[in-house]
Visitor: 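Before we start, here is the structure in question, set down as C-alpha cells.
In what follows, chains are A, B, ... by sequence order, proteins preceding strands, each numbered from 1.
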Amino acid sequence: MLPAVSACLLGFRYSRAATVASPCGGHHYVTAPSAKPPQPQAGDVTEKILNQPLEKADFFRVAELFSLKDLFDARVHLGHKKGCRHRLMEPYLYGCRLDHDIINLDQTMEHLQLALNFTAHIAYRGGIILFVSRRRQFGHLVETTAKDCGEYAHTRYWQGGLLTNANIQYGPGVRLPDLIIFLSTLNNVFQQHVGIRDAAKMNIPTVGVVDSNCNPSLVTYPVPGNDDTPAAVELYCRLFKMTINRAKDRRKQMELIHGLSAPTSQIS
Amino acid sequence: MALYFTPLVSRLSGCHRGNFTRNCGSCYRACTLDFTSVLSQGASRSGDGSTSQTDRWLGDRDRGRLVLRGASVTSPAAARRPAASSGQPSQQARSLWQQLPRQLPPRTSPLSAKMAASCVRTVGSFLGKCMTCSSSINTVATQVLLSRQVCVSSALCRKNLAAAGPEKFTLEYIQKQVEEYEIGKRHLANMMGEDPENFTQEDIDRSITYLFPSGLFEKTARPLMKHPDEIFPKQRAVQWGADGRPFHFLFYTGKQSYYSLMHDLYGKILKIEKHQDRLRAKGLFSQDAQLISLGPSRWLTKEELELLLVETISTHDYDRFIKLMEHMLCMPYSSTEEEFVQRYRRLLEAQSLKQLVPLLEKDENGVAFSTAEGRRKTSDSSVILRDCGSGHITVNGQDYLQYFPVLQDREQLMFPLQFMGVLGRFNLECKVSGGGRSSQAGALRLAISRALLSFLSEGDGEAMRQAGLLTPDPRVRERKKPGQEGARRKFTWKKR
C-alpha cells in the first residue's frame, strides 16, 4: 500500500506535466500498476473515491482549522536558547531575542498546512497512523488523542527492532504504520528519536514537530514549532485529531455518495 | 508389543514431533498416544510401514486422544538435554545406519528383516532419551525394508532449540485437539460402561488411573487426559484484522496489555486529581477523606499479573506498576477507584484457619480432655491433655523428671504451657517412641501445643502459630553421600 501511496502523491505532484505531455483520455493513472479489485464497477468507484481528493490542493480544508493567532497564543513560536540551537534549524528561525530563539510562524503555517493535508490524505485512504512522543508530560495526552482518532500511539520505551525487525517482534504478516507523527522528535536524553531513522529506513513518511534544538533532516514533513509547552502540544493534538476525524468522515461520506454498500476501509 | 506404555514403548512407536515440547528428552512426559494405537500397537506398526512417520500418526489420530503431558514446560536445561544426550546414542545409531545398505531389495528377505529388526531393537535400546531424529531414524530403519532411501544425520535434525522460544500452536490445531478430546471422552465413557453425557473430569481421571496404572512417583509424569485449554498455555490470537489494522491502539509498543493498564491507571489518577481540584474550588477538600481500605490482602505477584495480561513483563515494569498503584492508594478521595484496585489484589488467607483443632472430649468424671499427636525426626508421640488443675506429667508411664533427666528436655515440654500461662492447669499423659532424647522432647512439645489448641481461643491459637509452636520441624538426618565422609564433610584434600 505504501509504495502506491507515495507513488500516487509523487504522481500528483508531477501529473500536471504528465497530462500536458501525453494526454491519455479521461483517467490519468497516476498510481503504480497495483492489483485491481475483481469487480470492474467497484474498482471504478473505489478509484474515483481515491483520486477525487487529489484533484484539489486543499481538499480537506485543513487551512481553516488554525490561524496564526492560534499558533501565537499557544506559544508555538518560542524556541530554546541560542546555545541549544541546531544548525539545520536556522532557516526556520525568525530571530533571536535576549538569547531566546523565535520560530518563524509564517513558515510554520505553511509546513503545518502541508503536514495536516498529508495526514488527512493518509487517513482518508485508511492508512495506519502512529503517534510518537517520548515526553512523559504529554504521554497520556498523546495516547488519548490516538485512541480518540482510532489510530495508534507509542509513547513508551522504543525497542530496537519495532519497525526494522517487525516480523519477529510482532509476528509474521504484520502491517507497519503508513505514517508516523512525532509530537517531539527528541527522546529523554535529548538525542534524536530512533523512530525517525527507522522510519526512513523502512520508507515510512514522517511528520514531526521540530523545535530549535532538533534535527529536521530526516523528517518528511517537519513542522518547526515549540514541543515543550503544554498549550502548544495540546494544540497540535487537537489539530491532528480534527484532521484525521474529518478525513475519515469524508471517506465515509464519499462511500455513501457513490453507493458502496459496505463502507469498509478499502486499502488502495 | 506391550499394551501399556512405558517410555521405551512410546519411543519405539514414534512420537509425533509437533505435539510435545522440544525437550521430549523425557518422552513419557510429553507424548500423545492414540487409544486405538495403544490397544493394537503391533498391528498398526507393522501394517502401514509405507507411509511416512507423520502421515502414520495423522492417520491413527482419528479417534480419541490421550495426551500424556502437555507442552507446558520448557526449561533451558530441558531444552539442552536432548542435545547433550545425543552424543553417544546418535553416533551409535549413525554407525548402524551406515552399516545398512543404502537400497535393500523390496521383498523382505530373512537377512534384511533380521537386520532391520536388530536395528529396531538396538536403536531402541541405545536411545536413552528420546530425540526427534532418533524416532526418524527408527522409522527409517523399519522402512528400509521397502527401499526408501532417506539420509538422515543428527546434525541436520538438530535445531537451535533455544532460539525458537516456547512452542506456538495455531488456533486450528488447538480446536482440533478440543474436538478430539471431546470424542475421546465419549469413547472412554463407553469403554468404562458409563453415560457419555454426564462424564465429568473426575470420572475421566478415575478411568485413566484404572486403565493405565502407573507406578511413577512424579505425579505430573503419569498419564493424564485433560481439556486442551488446561494443557496448552494460553496464547495470543492474531492481533490484527483482515485489513491488517491492529485491534489495540497500543499494539505497536509491543506490550499492549501492560501499557494499556498503565495508561488506564494514570487516567484514573488524573480523574482523582480533577475531583480533588473541584472540591478544593468549593472549599470542601480535606486531607484524610475517603482513602481506600483494603483489608488483609496482597498485591498480585508478577507471575499472576503475567497470567492476567497474557504477556511477559519485566521486574522493572512490575515494580513501576506497584509503585503507581501505591501512589494512587495514598491520594485522598481515591475510594472511587476501589473496584479497579481490588482487581489487582488477592486476599490473604489467615494461616491459623488451616489448623486442625483436636476435639474437646469429656471422660467419665466430667473432666475435659483432648488428644493430639506430634512427630520430630524419627520420634512419634501422642499426648492426652486433661483439664484437672493439678499439673502432673507422665511420660510412657514414668514421671517426667525420671524420663527426662536433662533440664533442656523438660523445658521443651513446658514451653507451650508457659507461653500460654497455663502451667499448673493441665495433666499430661504422654506416650513417645523412637528417636533420641532431644527429638522425643520436640515431638512431645508439638503434640502438647496441638492438644492445647482446643482449650484456647482463635487469637491465642494465632499467637502460638506465630511463636512457631505449631510448625512441625522438617529437619531430618541428611544421608551420607559416596565420595564424601559424611553428608557434607569431604575427605581431607591433599594437594599431591
Visitor: At what distance, to the nearest 0.5 angstrom, does CZ of B:Phe249 lie from OG1 of A:Thr145?
Guide: 10.5 Å
Visitor: With a 6.0 Å cut-off (strictly less than), is the heavy-atom count around CZ of B:Arg343, excluding the residue itself, greater than 12?
Guide: yes
Visitor: Is the shortest side-chain heavy-atom distance between B:Lys255 and A:Arg156 below 4.5 Å?
Guide: no
Visitor: Write down the atom of B:Leu270, the atom of A:His140, and the distance for their closest heavy-atom approach.
Guide: CD1-CD2, 3.5 Å
Visitor: For A:Ala153 versus B:Thr253, what's the shortest heavy-atom pair and its separation?
Guide: O-CG2, 3.9 Å
Visitor: Classify the ring geometry of A:Tyr152 against B:Tyr252: parallel below 30°, tilted from 30° to 60°, perpendicular beyond 60°.
Guide: perpendicular
Visitor: Considering only heavy atoms, give the residues of residues 319-340 of chain B separated from chain A by less than 4.5 Å, sorted numerically, with 'none' for an empty result.
Guide: B:Arg320
Visitor: Looking only at heavy atoms, which two atoms of B:Tyr259 and A:Tyr157 are closest? And how far apart?
Guide: OH-N, 4.4 Å
Visitor: Which residues pass the salt bridge (charged side-chain N to carboxylate O under 4.0 Å, His left out) test with A:Arg135, sequence neighbours left out?
Guide: A:Asp228
Visitor: Output all residues satisfying salt bridge (charged side-chain N to carboxylate O under 4.0 Å, His left out) with B:Arg298, sequence neighbours left out; order by chain, then residue number.
Guide: B:Glu304
Visitor: Look up atom CZ in A:Arg136 and atom OH in B:Tyr266, then write down how far apart they are to the nearest 0.5 Å.
Guide: 8.0 Å
Visitor: Tell me, please, which residues at least two apart from B:Glu230 pass salt bridge (charged side-chain N to carboxylate O under 4.0 Å, His left out).
Guide: none
Visitor: Kindly check if the number of other-residue, nucleotide or ligand heavy atoms within 6.0 Å of CZ (B:Phe285) is above 12?
Guide: yes
Visitor: Could you check if a side-chain atom of A:Lys147 sits within less than 4.5 angstrom of a side-chain atom of B:Leu250, using non-hydrogen atoms only?
Guide: no
Visitor: Which answer fits A:Glu143, side chain, backbone, both or neither, if we ask what part of it has an atom under 4.5 Å from a heavy atom of chain B?
Guide: both
Visitor: Under a 4.5 Å heavy-atom cut-off, does chain B meet the side chain of A:Val174, its backbone, both or neither?
Guide: both
Visitor: Do B:Arg245 and A:Glu151 have side chains that approach each other closer than 4.5 Å (heavy atoms only, starting at C-beta)?
Guide: yes
